[in-house]
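One structure below.
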Amino acid sequence: MKKIELYIQPYNLDTVAEALAVEGVVGMSVTEAKGFGVQKGFTRGEKVTTGQVRFHPKMKVEMVVLEKDVDRIVDKILAHLKSGELGGGKIFVTPVDDAVRTRTGQRGRDAIT
């Protein structure tokens, strides 16, 4: 199992969620977040003093999926988000050792499908 975590612009959330539902993602969590990246939240050409940062609203989307589905899901996310614009977002993929469905006690694959 793998956890896919992405940080995206709020206006992209509905598009991404709908695309992932079509891809068979059966669950995800969404959290409002604020952050900045390499540019410290500023656009090209803006004057920035050392240590200055500007936080921007983001949406953090998390899902745990089967390892065999990761590339397909990441490709689908990219197809809907790849804009070439600064601050478009990031995707992180990390291993998940186990999952437990609290209602039934199911573990691993059975807990996420």
Please examine the side chains of [Y] and [X], heavy atoms only from C-beta on, and report whether any two atoms are closer than 4.5 Å.
{"X": "Q9", "Y": "M59", "result": "no"}
{"X": "L20", "Y": "I73", "result": "yes"}
{"X": "V65", "Y": "I112", "result": "no"}
{"X": "L66", "Y": "R109", "result": "yes"}
{"X": "V64", "Y": "I4", "result": "no"}

Taking atom CD as the centre, does E23 end up with more than 12 heavy-atom neighbours from other residues, nucleotides or ligands that are less than 6.0 angstrom away?
yes
Side-chain donor/acceptor pairs under 3.5 Å, residues 91-99, sequence neighbours excluded:
residue : atom : partner : partner atom : Å
D98     : OD1  : G108    : N            : 3.3
D98     : OD2  : R107    : NE           : 2.9
D98     : OD2  : R107    : NH2          : 2.5

Would you sort out whether I8 and V16 count as a side chain to side chain contact (heavy atoms under 4.5 Å, CB included), showing the intermediate values?
CA-CA 9 Å; I8 60 174; V16 169; 4.1 Å; yes
Nearest 0.5 Å, please: how far is CD in E32 from CG in L13?
9.5 Å
If you round to the nearest 0.5 Å, how far is CG of N12 from CG of L6?
10.0 Å
Quick one, Y7 with E5, criterion side chain to side chain donor-acceptor pair (under 3.5 Å). Give me CA distance, side-chain angles, the key distance, then yes/no.
CA-CA 7 Å; Y7 292 84; E5 181 177 325; 2.8 Å; yes
I'd like to check the salt bridge (charged side-chain N to carboxylate O under 4.0 Å, His left out) partners of D14; sequence neighbours left out, ordered by chain and number.
none
D69 bridged to R72 by N-O distance under 4.0 Å
yes
Under a 4.5 Å side-chain heavy-atom rule over Ile, Leu, Val, Met, Phe, Trp and Tyr, are M1 and M63 clustered together?
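Looking at the clustering, M63 is in a separate group from M1.
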Could you report the tightest heavy-atom contact between P57 and P10, atom names first, then the distance?
O-CD, 3.5 Å
